[in-house]
Amino acid sequence: MQAASNLLNLLLLSLLAGLDPSKTQISPKEGWQVYSSAQDPDGRCICTVVAPEQNLCSRDAKSRQLRQLLEKVQNMSQSIEVLNLRTQRDFQYVLKMETQMKGLKAKFRQIEDDRKTLMTKHFQELKEKMDELLPLIPVLEQYKTDAKLITQFKEEIRNLSAVLTGIQEEIGAYDYEELHQRVLSLETRLRDCMKKLTCGKLMKITGPVTVKTSGTRFGAWMTDPLASEKNNRVWYMDSYTNNKIVREYKSIADFVSGAESRTYNLPFKWAGTNHVVYNGSLYFNKYQSNIIIKYSFDMGRVLAQRSLEYAGFHNVYPYTWGGFSDIDLMADEIGLWAVYATNQNAGNIVISQLNKDTLEVMKSWSTGYPKRSAGESFMICGTLYVTNSHLTGAKVYYSYSTKTSTYEYTDIPFHNQYFHISMLDYNARDRALYAWNNGHQVLFNVTLFHIIKTEDDT
């Protein structure tokens, strides 16, 4: 990130060196101006832009190229704004942790001074708490550094936007290709910085936002987490059994309005509601079996099928609500997963990472959490999060990390607005939970705790 900041400084110096001071004040008529930016209650970035008059250099090829370059810089500014909001949010969380750590440290010192009057057991428990919090100190320092750097990024991007607008009348004095390459280099570095925020630990669930009300009490709806930004297709699968029809919509807007674009008639009926679309294919559990099916939407045929060895099926080990939810297929930033239970693991949850092409089990983890006691579950960054109920009052109660093969009990509540959840899946691209809530298709936002790695950490 420091390298990206240095590159911005060099770019600004090279641009400012050739500017006429009398032409640095640009009115809205002379070029694009970012007027203001904000965030709406749903966490989306909103920018207000003052556009130039349409007749300004409309026939000048170089001016048109520069305006396109300016638009790209403004898009990058919006990305920086999103990055800043995420970092500030996580930074506030770490500041709260710092306050708690200071209070605990003071209390610990007081106890240490008078520990002879306390029971050894209580003292040891408090010391262990302190040891758990100590690793957060370098994280806090890193966030302080990152917050300042991102603020600097945002300001430099705004300055660059103003400079590019100002040189529209001086376009002949600059090498457009050189300028274009510098901006591309900056964009690459910023994207690398954004990628550092891909994974994190679940801290909070907010919402839901009701997208649509349709279908029966049970069903599934989803988008493809590996689809491009322009591909926003939605797939809709009503009911948990006795159905083979998948409905496709080109966008969320078409889904809401009911403008169906295509219908697929699957060769087999599905079981449950825990399907997933991943890289253009639908993965689902074949009815009355522990067989997983991979069906290509583009080819309109089955590409692979494989039995999930020892996995219970047909309401042997379902979630608390039943509905043949024995086998839950899901995807996250790492890949494709299956969550189920076996007799060999005493009915407790088993997590298996699957090969997306062959459906072969690559690795499995056996947990100690009973599948029948779980309301729903989802994967984020290789960690399984399990809810304790499908009814009102549900919360994320248990998590298991496949990275460390360890578990912990959690307490992350969320609002079950329509009282009965029969599908809850994480979408890594949208950073959201898709849910089927008693005949309502809803979205939950998630807050992840990120640790940003710098070049010095590698």
Side-chain angles (χ1 to χ4, degrees), residues 37-47 75-76 78-94 143 146 150 190-211 220-235 251-253 255 276-279 329-337 376-387 395-396 399 401-403 410 412-415 421 423-437 441-453:
S37 63
Q39 184 181 24
D40 68 8
D42 294 329
R44 296 172 297 191
C45 184
I46 302 174
C47 290
N75 288 337
M76 291 159 53
Q78 294 182 18
S79 298
I80 286 292
E81 193 71 33
V82 172
L83 181 62
N84 180 56
L85 290 173
R86 288 180 181 170
T87 304
Q88 289 298 329
R89 179 180 59 194
D90 293 341
F91 180 51
Q92 291 302 317
Y93 171 78
V94 176
Y143 263 109
D146 290 331
I150 289 171
L190 291 177
R191 288 186 181 277
D192 290 341
C193 185
M194 292 286 286
K195 288 178 181 178
K196 293 177 182 178
L197 291 177
T198 55
C199 267
K201 181 179 180 180
L202 179 66
M203 303 304 300
K204 185 178 180 181
I205 300 175
T206 56
V209 175
T210 301
V211 177
W221 72 295
M222 64 215 83
T223 59
D224 189 344
L226 294 187
S228 65
E229 294 182 0
K230 295 182 180 179
N231 183 352
N232 294 303
R233 288 186 294 175
V234 177
W235 291 273
S251 65
I252 290 286
F255 173 61
V276 64
V277 175
Y278 189 69
N279 199 28
L329 301 171
M330 54 189 74
D332 68 354
E333 293 84 353
I334 296 176
L336 184 66
W337 304 86
E376 278 288 344
S377 66
F378 52 90
M379 296 288 292
I380 299 180
C381 299
T383 296
L384 179 71
Y385 295 92
V386 181
T387 70
K395 61 183 178 180
V396 177
S399 68
S401 169
T402 60
K403 182 178 180 181
T410 61
I412 306 175
F414 61 95
H415 183 41
I421 290 179
M423 170 253 180
L424 187 65
D425 276 331
Y426 173 70
N427 185 293
R429 185 185 73 164
D430 300 338
R431 294 283 181 86
L433 294 173
Y434 282 63
W436 191 289
N437 197 181
Q441 292 74 53
V442 303
L443 289 172
F444 291 93
N445 289 320
V446 297
T447 299
L448 303 181
F449 177 67
H450 302 283
I451 296 179
I452 304 176
K453 293 184 178 180

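Fair warning: this is a prediction, and the values are worked out from it, not measured in the lab. Along the sequence shown, the residues carry numbers beginning at 1.
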Discussion item. Side chains of Leu433 and Val446, heavy atoms from C-beta outward: is any pair under 4.5 Å?
Written reply: yes

Worksheet item: When rounded to the nearest 0.5 angstrom, what distance separates CZ in Arg431 from CG in Leu448?
Response: 6.0 Å

Worksheet entry | Sub-4.5 Å side-chain heavy-atom contact between Leu202 and Phe449 | no

Worksheet item: With side chains defined as the heavy atoms from C-beta onward, is the minimum distance between Phe255 and Gln441 less than 4.5 Å?
Response: yes

Worksheet item: Do side-chain atoms of Asp224 reach the backbone of Asn279 as a donor and acceptor pair under 3.5 angstrom?
Response: yes

Worksheet item: Looking at OG of Ser401 and OH of Tyr385, how far apart are the two atoms once the value is rounded to the nearest 0.5 Å?
Response: 8.0 Å

Worksheet entry | Backbone N/O of Ala435 and side chain of Trp221: donor-acceptor pair under 3.5 Å | yes

Fill in: Contact check, side chains of Ile421 and Glu376, non-hydrogen atoms, under 4.5 Å
yes

Fill in: For Pro225 against Val277, the heavy-atom pair lying closest together
CD-O, 3.2 Å

Discussion item. Could you check whether any side-chain N or O of Thr410 sits under 3.5 Å from a backbone N or O of Ile412, counting only pairs where one atom can act as donor and the other as acceptor?
Written reply: no

Worksheet item: Going through the distances and angles, do Val396 and Ile205 end up as a side-chain contact (heavy atoms from CB on, under 4.5 Å)?
Response: CA-CA 9 Å; Val396 177; Ile205 300 175; 3.8 Å; yes

Item to complete: Please step through side-chain contact (heavy atoms from CB on, under 4.5 Å) for the pair Leu384 and Thr402, ending with a clear verdict.
Response: CA-CA 8 Å; Leu384 179 71; Thr402 60; over 6 Å; no

Worksheet item: Got a second to check how far Ser228's OG is from Arg429's CZ, nearest 0.5 Å?
Response: 7.0 Å

Worksheet item: Under 3.5 Å, side chain of Ser251 to main-chain N/O of Asn232, donor-acceptor pair present?
Response: no

Item to complete: Mind listing the closest non-hydrogen atom pair of Asp425 and Phe378 along with its distance?
Response: CA-CB, 4.4 Å

Item to complete: Over all heavy atoms of both residues, which pair between Ala331 and Tyr278 is shortest? Give the atoms and the distance, please.
Response: CB-CD1, 3.5 Å

Practice prompt. Go through Met330 and Val276 one step at a time and tell me if the side-chain contact (heavy atoms from CB on, under 4.5 Å) criterion holds.
Written response: CA-CA 6 Å; Met330 54 189 74; Val276 64; 5.5 Å; no

Discussion item. Any side-chain to backbone donor/acceptor pair from Arg233 onto Ala227? Under 3.5 Å, distance only.
Written reply: no

Item to complete: Answer with yes or no whether the side chains of Tyr426 and Glu333 bring together a donor and an acceptor at under 3.5 Å.
Response: yes

Worksheet item: Between CD1 of Ile380 and OG of Ser399, what distance do you get to the nearest 0.5 Å?
Response: 10.5 Å

Item to complete: Working to the nearest 0.5 Å, report the span between OG1 of Thr223 and CH2 of Trp235.
Response: 7.5 Å

Discussion item. Would you call the rings of Phe414 and Phe444 parallel, tilted or perpendicular, taking 30° and 60° as the class edges?
Written reply: perpendicular

Worksheet entry | Short side-chain donor-acceptor distance under 3.5 Å, Asp430 and Tyr434 | yes

Practice prompt. Go through the steps to decide whether Val209 and Val442 satisfy the test side-chain contact (heavy atoms from CB on, under 4.5 Å), and finish with yes or no.
Written response: CA-CA 5 Å; Val209 175; Val442 303; over 6 Å; no

Item to complete: Nearest 0.5 Å please: distance from the CD1 atom of Ile334 over to the OG1 atom of Thr383.
Response: 7.5 Å

Worksheet item: Are the side chain of Asp332 and the backbone N or O of Cys381 linked by a donor-acceptor pair below 3.5 Å?
Response: yes

